[in-house]
Amino acid sequence: MRSNSNKSRWLCFIALLLVSVSILSTGIFARRAGDIDGDGYISNCDIAVMIRYLSGWDVEVPETADYNSDGKINNRDAIGMILAYSLGD
C-alpha cells in the first residue's frame with residue numbers, strides 16, 4: 001500500500017511540474033514590447049526609464065525596450081511607448 005502512495009505523490013509532483021513548465025513556456029509571464037520593468041503593461045515608469053536610457057543615463061533596459069522590434073532601441077521606441085500609454089494600450 002505504501003508503494004502506491006509514493007507513486008501517487010510522484011505522479012502528482014510530475015504533473016504539477018509539467019503544468020508549471022507549460023505555463024511558463026506559453027508566455028504568461030513574458031514581458032511585452034515596451035514593458036521595461038516587467039509589470040505586464042507600459043507605464044509611466046517604463047517611459048521614464050526609457051527616456052533616461054536615451055539621454056545617456058547609466059540604466060539598463062531589456063530587449064523589450066525595442067518597442068517597434070527593429071533591432072535598435074531609439075527614440076522611435078520611446079514615441080511608440082508614449083502613444084501606447086496615452087491610448088491605454
Side-chain angles (χ1 to χ4, degrees):
M1 191 73 133
R2 186 169 181 106
S3 176
N4 286 338
S5 176
N6 284 337
K7 285 181 185 178
S8 295
R9 287 182 185 162
W10 276 107
L11 287 174
C12 286
F13 172 75
I14 291 171
L16 285 172
L17 183 63
L18 290 174
V19 168
S20 298
V21 168
S22 68
I23 287 173
L24 291 173
S25 66
T26 58
I28 290 175
F29 299 109
R31 290 182 177 177
R32 59 181 279 205
D35 180 20
I36 293 175
D37 61 8
D39 62 359
Y41 55 93
I42 299 172
S43 65
N44 57 344
C45 294
D46 298 312
I47 294 168
V49 171
M50 180 63 130
I51 291 171
R52 289 178 183 143
Y53 174 80
L54 294 173
S55 298
W57 288 34
D58 187 23
V59 293
E60 292 186 28
V61 294
E63 291 178 12
T64 55
D66 182 14
Y67 182 77
N68 62 4
S69 300
D70 66 354
K72 299 176 259 182
I73 299 173
N74 54 30
N75 60 344
R76 291 180 180 181
D77 299 303
I79 292 168
M81 291 169 60
I82 291 167
L83 287 173
Y85 177 71
S86 298
L87 298 173
D89 185 22

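When a residue number appears, it is its place in the shown sequence, counting from 1.
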Compare every heavy atom of Ile42 with every heavy atom of Ala84, then report the nearest pair and how far apart it is. CB-CD1, 3.8 Å

Residue from Asn75, Ile73, Ile79 passing side-chain contact (heavy atoms from CB on, under 4.5 Å) with Asp77: Ile73

Contact summary for Ile36 and Met81, nearest pair of heavy atoms: CD1-CE, 3.9 Å

With rounding to the nearest 0.5 Å, note down the distance linking CD1 in Ile47 to CD1 in Ile51. 7.0 Å

Ala78: which residues meet the side chain to side chain contact (heavy atoms under 4.5 Å, CB included) condition with it, sequence neighbours left out? Met50, Leu54

Write out all pairs satisfying side-chain hydrogen bond (donor to acceptor under 3.5 Å, both in side chains) with one or both partners inside residues 44-62, taking only residues at least two apart or from two chains. Ser43-Asp46

